[in-house]
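The block underneath contains the structure these notes are about, expressed in structure tokens.
Throughout, a chain's letter reflects where its sequence line sits, starting with A, and its residues are numbered from 1.
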Number of protein chains: 2
Amino acid sequence: MSKLEIANRLRSAREMAGLSQGQAAKRLGMHRPTISEIEAGRRNVKSDELLKLANLYGVEITWITEGKVNEDKIDQSILAAARELSSMKDEDIEALINTIKMIKASENKDGKN
Amino acid sequence: MSKLEIANRLRSAREMAGLSQGQAAKRLGMHRPTISEIEAGRRNVKSDELLKLANLYGVEITWITEGKVNEDKIDQSILAAARELSSMKDEDIEALINTIKMIKASENKDGKN
DNA sequence: ACCAACGGTAAGAATATATTACCGGCGGTA
DNA sequence: TACCGCCGGTAATATATTCTTACCGTTGGT
């Protein structure tokens, strides 16, 4: 199903990025047959591979997985937060705080290419 | 690494969606231990699972994988409330906003189990 | 006490992946 | 022609992961 579509879009993205399977594999520390099998739809893509592939190919993950492009950047974010906060339920705030802790805990991570 | 972050966000998303591991597993035709192991960061998430999970939980894939959401706008009413939380850094605030949006989205979803 | 649901995890079977190697095709070039 | 280097596909098998069932302790309700 969407596995094949993902495979196809991964191949398209790689080609649009002007990379061979070998080049992509080398850059990501993967083996070339892995790329080949993935693009053939015979091999699953792990979520962290998906991240690295999308990043290397310069596309958004949602384009790989769903074929959709996400638009804008977060700008007026803080304003947004304020309003949303006011209508949140207590349990949601609790979950939110847990998430904040999580964010804090994983703060020193790298995500860029 | 990001595998653990993904695991944490998957758990957060599930909880915010108000689903137990068993409910989520049943809905997606997965086994409960699979969800458990994924959320513990011991099991890889396949790309199609990622798709289904994000969909079920009512969050965007990019939030799961990268902790980011590209989305719209809101107002400025309760700015003060947000500022209270704003001993955080900008990047954390950004993540916070994304989380809030996610929570709101899940509220209107199929909250019930 | 019971019961039901939750989430964690152990263990062996089943499946998937990693890694190496080999294949044929294709452009260039001598 | 032959040779070369790079490309992408794939076979083989040792290794790793996942599936599946089952059991555990905890919690909340009756």
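Here Ser36(B) does not reach the OP1 or OP2 of dG7(C): none of its side-chain N or O atoms lies under 4.0 Å away. In terms of phosphate contacts, Arg43(A) brings a side-chain nitrogen or oxygen within less than 4.0 Å of OP1 or OP2 of dA18(C). Within the 4.0 Å cut-off from OP1 or OP2 of dT19(C), at least one side-chain nitrogen or oxygen of His31(A) is found. In this model, the phosphate group of dA18(C) is approached by a side-chain N or O of Thr34(A) to a distance below 4.0 Å at OP1 or OP2. For Arg42(A), a side-chain nitrogen or oxygen approaches OP1 or OP2 of dT10(D) to under 4.0 Å. Side-chain N/O atoms of Asn44(B) include none lying less than 4.0 angstrom from OP1 or OP2 on dT17(D). The shortest distance between the side-chain N/O atoms of Arg14(A) and the OP1/OP2 oxygens of dG8(D) is below 4.0 Å. In this model, the phosphate group of dG9(D) is approached by a side-chain N or O of Arg11(A) to a distance below 4.0 Å at OP1 or OP2. For dG8(C), one of the phosphate oxygens OP1 or OP2 lies less than 4.0 angstrom from a side-chain nitrogen or oxygen of Gln21(B).
Atom CD1 in Ile35(B) sits roughly 16 Å away from atom C1' in dT9(C) (whole-Å rounding). In this structure, Leu19(A) atom CG and dC7(D) atom P are separated by 10 Å, rounded to whole Å. In this structure, Asp48(B) atom CG and dA16(C) atom P are separated by 12 Å, rounded to whole Å. Counting to the nearest Å, the C1' atom of dC6(D) and the NZ atom of Lys26(A) are 12 Å from each other. Between Arg32(A) atom CZ and dT17(C) atom P there is a gap of 17 Å when expressed in whole angstrom units. Distance, Lys46(B) NZ to dT17(C) P: 7 Å, rounded to whole Å.
Under the 3.5 Å distance criterion, the side-chain polar atoms of Arg14(A) are left unmatched by any main-chain donor or acceptor of Tyr57(A). Side-chain atoms of Arg9(A) come within 3.5 Å of backbone atoms of Ile64(A) as a donor-acceptor pair (strictly under, hydrogens ignored).
Of the candidates dT9(C), dA18(C), dT10(D), dT10(D) carries the atom nearest the Glu37(A) side chain, counting heavy atoms from C-beta on. The side chain of Gln23(A) lies closest to dC7(D) when the candidates are dC7(D), dT10(D), dA22(D).
The shortest non-hydrogen separation linking Asn44(B) to Glu49(B) is O-OE1, 4.0 Å.
Once rounded to the nearest 0.5 Å, the distance linking NZ of Lys26(B) with CZ of Arg32(B) reads 12.5 Å.
No engagement by Glu39(A) is indicated, since no non-hydrogen atom pair under 4.0 Å with the nucleic acid exists.
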Query raised in the report: For Ile38(B) and Thr34(B), what are the C-alpha separation, side-chain angles and deciding distance, and is it a side-chain contact (heavy atoms from CB on, under 4.5 Å)?
Result: CA-CA 6 Å; Ile38(B) 285 174; Thr34(B) 302; 3.9 Å; yes
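Along DNA chain D, the nucleotide closest to Pro33(B) and the one closest to Ser20(A) are compared, and the more 5′ of them pairs with Ser20(A).
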